[in-house]
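Note sheet for the following structure.
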Amino acid sequence: VIIVLQLEILRTECTLIGSPTIYEVNAPQPKTGSYSDGLGIHGSMISRAEQGVTNIAYSPRQGLLGSSTAARAEHAVKNLPFSGFYGPMQSQNAIYAKMQQLSLNSHKGQRLAVPWAFGFPGNTYGYRVHPLYQQTPPMYMNGGPVTNNEGPAIPIANLNPYLARWTIKGRVTGKTEVRHFGEGKVFSFDLLDAQGDEIRATCFNSLVDQYYDKIVVGNVYLISRASVKPVLRKKANPLNHEHELILDASTSVESCSGDDGSIPLQRYNFRQISEIENLDCSSTVDFLGVVTSVSPSVTIARKNGPEAHKRTIQLKDMSGRSVPITLWGNFCDVEGQLLHSQWESGLNPILAVKGGRISHFNGPSVGTTSSSQLKINPDLPAAEKLRRWYAAEQEDDVYQTIVQINDEDFGTLSQPDLATVVATISFVCSGACCYPACDLMFNGEQCKKRVTADGDWWWCNRCLRRSKTCEYRYHIVCQIHDHTGSTYATVSQKAARDIIGRKAQEFYTIKDAVQNGQEFEKIMQGILGCEYLLKMSIKKVAENGIVVKRVIVEAERLDLSNSRRVLGAIDKLSKDNSSSSVGDIEI
DNA sequence: CCCCCCCC
Ligand SMILES: [Zn+2]
């Protein structure tokens, strides 16, 4: 037995060679009688390209006859390490199924109808699956219908402008909205076949009316007689295919009933968020991540054209990095709204982004385009893995050391890195720790700039106005250290209040207004040299070069006798080590 | 035949 795989197609049709006969898998002897259609044509024909193994005719005398229309199984697993199919995978052995099919046909002794083959000069090599067989489970569940009147479906990868007649069978993985331009309108949709290859199809004008509603994302179609054009602007069509389809009046689009799941619902080529710096601006990329925050929707006035809705989500993946993703238009209103309500109720959904557009404006970010696809909580093994990873990450008390947060890689321009450290406050920088702040509104938010007393008023040099009132705010910079090193950080209002234990107004009164040195000393003694659990935000900002900003966002005084952390560690130790009462507690 | 993909 000689098995030939992965041949390229030179001709999609050719005349029969010799008199091939049916080979029966289960019979001890090959069946020698050939089938006749009554028109003097002998031989057997097998459908082409269901799972990429195609056109195989067995003859005991001549060996294997047939041409493979390029078995492209490798496409299913290319783009490692993060490519994945979304949806059920075909697991049957295609050759085995073919032989079963042959065997069944011959047992039934039925004639094989090949009506489509007769429209061509000579005899066409190939066999049309009879509709009767398509409905016969279980053997014919394997591929569903693969033909229409144009013949059997060929792999999408093989489409090119020089094919006279072809049919492709593909699942619609996404479609754009209808876009209007001048007098015309347009929409596109993407087709994926069982070999994992994709092609974009586009409809203009009256074809938009004809097909926009008919094309349903997720459904499988047999398509033939569209014009196959080379992709001239790769930037506008991120699919791998060299060509794209333009539908016209003669195009046939047949909805493929009996979808058997041989074509995945979506094809992803996920990249790690940590790679994003290396991805070109405007390139199109897939990401799979946990949604860690969702902003409200805002309306943007566009330079040209109508206003647009947008919102920004943060997506984090197992590389540990996050990236802001801007959802525009419908993605903001539909998926974004869903994500927002889930996030607000404390959930962190998984999101698959297909066809996100990379930007490097003020640090890396991703935006949706008209041909992007979003899938919330996709049914993918990688999504489940990610969910577990994130849950574990949330649960684990993971602390960083000061040396780690001082690392120059910590914190990026686009987004702060968050860290939790256990550190001691070495000292609080001298000078005013709190100040009277402007309580006027400036650019839609409280101004907060230091104001100066002006009789009964407070004068703001930024607002250039005075106010009867002011708000006392903390401005604390302190040094913290742990066993690895030390660093400086500013303290948020909330953290400062928790550390000092008083409102800024009260502290101001003690320190500056009344100058109660004894009370002030007492407060500082309760702070300096004490250990805190500090949640910190570290980011870089462009200010005459890159400046690292470290902010203590939250602070919790570690009281060892009543520490959740210590109690938790003891609890864990007693569980892990229940047979022994001896062990070190690492805190 | 579109090919814009938005805002800072
Ligand atoms: Zn002001």
Side-chain angles (χ1 to χ4, degrees), chain A residues 161 174-191 198-212 215 226-251 279-287 294-314 323-336 353-374 412-416 443-445 539-543:
Chain A
K175 72 173 180 178
T176 69
E177 292 169 53
V178 177
R179 193 167 49 83
H180 294 262
F181 57 95
E183 298 288 283
K185 52 185 171 180
V186 63
F187 90 98
S188 300
F189 57 98
D190 294 342
L191 289 157
E198 294 173 289
I199 194 163
R200 179 158 295 179
T202 301
C203 299
F204 290 98
N205 306 324
S206 65
L207 280 303
V208 174
D209 302 324
Q210 191 176 344
Y211 287 117
Y212 188 75
I215 296 296
S227 88
V228 183
K229 301 215 164 155
V231 174
L232 297 177
R233 283 170 39 98
K234 276 281 173 198
K235 191 168 161 276
N237 182 344
L239 301 186
N240 256 339
H241 212 291
E242 297 282 308
H243 302 94
E244 54 196 358
L245 298 178
I246 310 293
L247 274 61
D248 57 44
S250 72
T251 300
L279 298 171
D280 290 340
C281 201
S282 295
S283 61
T284 305
V285 185
D286 305 345
F287 290 107
V294 185
S295 82
S297 168
V298 291
T299 303
I300 297 291
R302 295 170 60 198
K303 284 168 195 153
N304 34 28
E307 59 188 21
H309 291 178
K310 75 147 191 177
R311 73 172 87 222
T312 305
I313 65 168
Q314 289 290 338
V323 68
I325 300 193
T326 307
L327 309 184
W328 292 98
N330 263 352
F331 293 118
C332 169
D333 298 339
V334 182
E335 288 89 346
V353 180
K354 169 141 167 121
R357 188 183 147 96
I358 301 291
S359 155
H360 290 294
F361 182 90
N362 260 342
S365 66
V366 178
T368 61
T369 75
S370 60
S371 54
S372 299
Q373 300 292 325
L374 300 180
T412 62
L413 270 175
S414 59
Q415 200 208 340
N443 278 349
E445 52 185 49
K539 69 172 174 184
K540 299 191 174 88
V541 289
E543 275 177 14

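Bear in mind the structure is a predicted one, so any value in this text is a computation, not a measurement. Quick note on labels: first sequence line is chain A, next is B, and so on, each numbered from 1.
A stacked arrangement is assigned to A:F204 and the six-membered base ring of B:dC1, with a centre-to-centre distance below 5.5 Å and an interplanar angle below 30°. For B:dC8, the base is stacked against the aromatic ring of A:F361, per a cut-off of 5.5 Å between centres and 30° between planes.
Spacing between atom CG of A:D333 and atom P of B:dC5 amounts to 20 Å, rounded to whole angstrom units. Between the CD atom of A:E177 and the P atom of B:dC6 there is a distance of 15 Å, rounded to whole Å. Here the P atom of nucleotide B:dC1 and the CG atom of A:L232 are 7 Å apart, to the nearest Å. Note: CZ (A:R311) to C1' (B:dC5) measures 18 Å, nearest angstrom. Across the protein-nucleic acid pair, A:E307 atom CD and B:dC8 atom C1' stand 17 Å apart, rounded to whole Å. Separating the NE2 atom of A:H243 from the P atom of B:dC2 is a distance of 19 Å, rounded to the nearest angstrom. Rounded to whole Å, the distance from NE2 on A:H360 to C1' on B:dC8 is 17 Å. Going from atom NZ of A:K310 over to atom C1' of B:dC4 covers 18 Å, rounded to whole Å.
Between A:L207 and A:I300, the residue anchored closer to the 5' end of DNA chain B is A:L207, taking for each the nucleotide with the nearest heavy atom. Mapping A:P306 and A:E244 onto DNA chain B by nearest heavy atom places A:E244 at the nucleotide closer to the 5' end.
If you take NE2 on A:H309 and CZ on A:F331, they are separated by 15.5 Å, rounding to the nearest 0.5 Å.
A:N205 comes within 4.0 angstrom of a base, heavy atoms only.
One can find a donor-acceptor pair under 3.5 Å joining the base of B:dC4 and the side-chain atoms of A:S370.
Within a 6.0 Å sphere centred on NZ of A:K540, other residues, nucleotides and ligands contribute more than 12 heavy atoms.
Considering only side-chain N and O atoms, A:R357 lies under 4.0 angstrom from the phosphate OP1 or OP2 of B:dC6. Remark: A:R233 is in phosphate contact with B:dC4, judged by side-chain N or O atoms under 4.0 Å from OP1 or OP2.
Of the listed nucleotides (B:dC1, B:dC6, B:dC2), B:dC2 has the atom at the smallest distance from the side chain of A:T202. Listed candidates were B:dC6, B:dC4, B:dC7. Nearest to the side chain of A:T326 is B:dC7. Nearest nucleotide to the A:A308 side chain, out of B:dC2, B:dC6, B:dC7: B:dC6. Closest to the A:K303 side chain, of the nucleotides B:dC7, B:dC2, B:dC6, is B:dC7.
Checked against A:L374 for a side-chain contact (heavy atoms from CB on, under 4.5 Å), the options A:V353, A:I325, A:I313 give a single hit: A:V353.
Partners of A:E543 by side-chain contact (heavy atoms from CB on, under 4.5 Å), not counting sequence neighbours, listed by chain and number: A:V541, A:V547, A:K549. A:F204 meets the ring pair (Phe, Tyr, Trp, His ring centres under 6.0 Å) test with no other residue; sequence neighbours excluded.
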